[in-house]
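Just below is one structure, and these are the notes that go with it.
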Amino acid sequence: MQTPRTKIVDVLQLEPPRAGVRVKGWARTVRDSKQVVFIELNDGSCFASLQVVVNPELANYEQLRKLTTGSAVEVVGEVIASPAAGQRVELKATEVSVIGLADSTFPLQKKRHSFEFLRDIAHLRARTNTFGAVFRVRSALAQAVHEFFQQRGFVYVHTPIITGSDAEGAGEMFRVTTLDVNKPPRTPEGAVDWHEDFFAHSSFLTVSGQLNGEAFALGLSDIYTFGPTFRAENSNTSRHAAEFWMIEPEMAWCDLDDDATLAEAFVKHLMRTALERCADDLAFFNKQIDPGLVARLQHVLESNFERMSYTEAVRRLETSGQKFEFPVHWGANLQAEHERYLTETLVGRPVFVTDYPTEIKAFYMRRNDDGKTVAAMDLLVPKIGELIGGSQREERLDVLMQAIRSMGLNPEHYGWYLDTRRFGTAPHAGFGLGFERLVMYVTGMENIRDVIPFPRTPRNCEF
RNA sequence: UCCGACAUAGCUCAGUCGGUAGAGCAGCGGACUGUUAAUCCGCGGGUCGUAGGUUCAAGUCCUACUGUCGGAGCCA
């Protein structure tokens, strides 16, 4: 029987000498000569590659001299202490099989490529140092999200991907239909008759699981969602995608303060996880992508997050003497430049800005007693600005209905949502975190297209 | 969607005053070496994003379109 494969992450931990070790991976580089061939083998299990040393005694030595970058290879050999600098151990091959040769058109070279070029070959990006690291970190963070909430007894709720509600209020939606777009059924008036569609009415891809999440929190107390969401906005930026993943906890018996406390613990758990479990990958990002990254994450982990009302934040910005492209004034949304100046310069650490003007926030946020603001919070962090947005929700039926009407919305579209306030309503709060923005923050990557395996953006749905 | 920049070899780029295409790397062939994004010698590789226009002549100037990038808006 064959010896089982050992992943390279484990091979690199072995104490040499150790014979009969089998590894499988892809050649990152091959250096050949008459006397010896060196293969850098990577299987994605860790950042580092394993140096395989091939001597001319092997029967297929001449074939191996032609081995190309990108080829899939299986090696059996002895792990020995490396006689040369550059690696602690290496694998002295006794048997090398070429499983899948990459021909000379393999586009990845032994040099740095631009991220723009790599996006065109997204199906091969996982073979690179940077993207291997990005997606290992992304996976570790996803695991950490579940860990955090599960440890606190939160119930993971799978909110629907397809929704019949076009009133989630978070942006343009993708329509889901099985009708023939060239020949849709018509009403007598000539409009498309959506009653003939699969769900017997209009349906869309979800833009947020929050409203469903609230319904489940008012029954299970603490819940969270973590899943894909979709926005059909024509946003052409490095921070927006049409398909992205969102994390939305929702807690009953919880006010805005509790909400912020949870968000702070959550962010710190994620930072700690990344620093502890992805040290090699983060060291790479810190060196090649974003100098200062590790120190910044460490700083967030060790800071007490500031809390400051919107009114106070505007006052501090107005009196700071700093010139902004867009002036600050009470009642306007904080611009990205304001948010960053606040957290980076005025406060110097992460800051929750709370209690925003009613007019600039969503209908479901709880009205404060001052009649001017709602119990909303944004968590601002150095370098990127807003990382988390949340609020205490309006649990009072009459106030909520009034809010819906005053924003020009129709309460009839919110039937089941309003039921939750009709039957045993209770105070509750929650927040939302865009998972890709988190991955960007932790890796230092600056384009959302480079932290999703196969990004969907306007005019781009390849792969 | 708005503003700006850019589009030349597989990749990253240069190309001056408008005169008919260059480098490095990669690839291929060879040499050499316990190598480390190895090194050395040689070779092949281009409808200059697309469509028009100006001109004796356009990679170069003009217009439109498409795409990419950066910023803004929207937002996560």
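Each chain gets a letter, A, B and so on, in the order the sequences are listed, and its residues count up from 1.
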Does the Lys NZ or Arg CZ of A:Lys268 fall within the cation-pi geometry relative to A:Phe305 - under 6.0 Å from the ring centre and within 45° of the axis?
yes
Please state how far atom CG in A:Asp32 lies from atom P in B:rU39, giving the value in whole angstrom units.
13 Å
Taking CG from A:Leu387 and P from B:rC75, how many angstroms apart are they, rounded to a whole number?
18 Å
Passes side-chain contact (heavy atoms from CB on, under 4.5 Å), A:Asp355 versus A:Val374? Steps please.
CA-CA 5 Å; A:Asp355 302 299; A:Val374 291; over 6 Å; no
Of the listed nucleotides (B:rG34, B:rU1, B:rC69), which one gets closest to any side-chain atom of A:Arg119?
B:rC69
Give the nucleotide from the list B:rG71, B:rA38, B:rU36 with an atom nearest to the side chain of A:Thr29.
B:rA38
Is B:rC25 in the syn range, within 90° of 0, or in the anti range?
anti
Given atom CG of A:Leu67 and atom P of B:rC28, what is their separation to the nearest angstrom?
11 Å
Can you tell me if A:Arg31 touches the phosphate of B:rU36, counting only side-chain N or O atoms and a distance under 4.0 Å to OP1 or OP2?
no
Quick one: on RNA chain B, does A:Val53 or A:Glu116 contact a more 5' nucleotide (nearest heavy atom)?
A:Val53
Between the protein and nucleotides 45-49 of chain B, list the N/O to N/O atom pairs that are separated by less than 3.5 angstrom.
none

Taking OP1 and OP2 of B:rG70, is either one under 4.0 Å from a side-chain nitrogen or oxygen of A:Asn447?
yes
note: A:Glu40, atom CD; B:rA38, atom C1'; distance rounded to Å ~ 11 Å
With salt bridge (Lys or Arg N to Asp or Glu O under 4.0 Å) as the criterion, how do A:Glu250 and A:Arg393 come out once you've worked through the C-alpha distance, each side chain's angles and the decisive distance to 0.1 Å?
CA-CA 10 Å; A:Glu250 193 72 36; A:Arg393 318 306 190 190; 2.9 Å; yes
Side chains of A:Ser238 and A:Glu446: closer than 4.5 Å at any heavy-atom pair?
no
Assign A:Ser238 to base, sugar-phosphate, or nothing according to its heavy-atom contacts below 4.0 angstrom with the strands shown.
sugar-phosphate
Could I get a table of every N or O pair under 3.5 Å where one atom is in the protein and the other is in nucleotides 7-10 of chain B?
| from | atom 1 | to | atom 2 | distance (Å) |
| --- | --- | --- | --- | --- |
| B:rG10 | N2 | A:Gln109 | OE1 | 3.4 |
| B:rG10 | N2 | A:Gln109 | NE2 | 2.8 |
| B:rG10 | N3 | A:Gln109 | NE2 | 3.4 |

Which nucleotide, B:rC28, B:rU1, B:rU36, lies nearest any side-chain atom of A:Gln87?
B:rU36
Pair assignment for RNA chain B - dot-bracket with | for other-strand partners, Watson-Crick or G-U under 3.5 Å
(((((((..((((.....[..)))).(((((.......))))).....(((((..]....))))))))))))....
B:rG70 P sits how many Å from A:Glu446 CD, rounded?
8 Å
Measuring to OP1 and OP2 of B:rC25, would you say a side-chain N or O of A:Lys110 lies under 4.0 angstrom away?
no
Determine whether the aromatic ring centres of residues A:Phe244 and A:Phe435 are separated by less than 6.0 angstrom.
no
Which class fits the ring pair A:Phe149 and A:Tyr224: parallel under 30°, tilted 30 to 60°, perpendicular over 60°?
parallel
So which one's nearest nucleotide on RNA chain B is more toward 5', A:Arg449 or A:Asn55?
A:Asn55
A:Ile39 CD1 to B:rG34 C1', straight-line distance once rounded to whole Å:
15 Å
Nearest whole angstrom, please: distance from the P of B:rG70 to the CE of A:Met445.
11 Å
Does A:Ser235 reach a base, just sugar-phosphate, or nothing at all? Heavy atoms under 4.0 Å.
base
Residue A:His113, side-chain heavy atoms: nucleotide from B:rC11, B:rC75, B:rG34 that is nearest:
B:rC11
Cation-pi, A:Tyr61 ring and A:Arg65 (6.0 angstrom, 45 degrees)
no
Can you tell me how far C1' of B:rC11 sits from CD1 of A:Ile121, to the nearest Å?
10 Å
Parallel, tilted or perpendicular, as decided by the 30° and 60° cut-offs, for the rings of A:Tyr356 and A:Tyr310:
tilted
Is A:Thr105 close enough to B:rG27 that one of its side-chain N or O atoms is under 4.0 Å from OP1 or OP2 there?
no
Among the candidates B:rU12, B:rU36, B:rG67, find the nucleotide nearest to the side-chain atoms of A:Arg459.
B:rG67
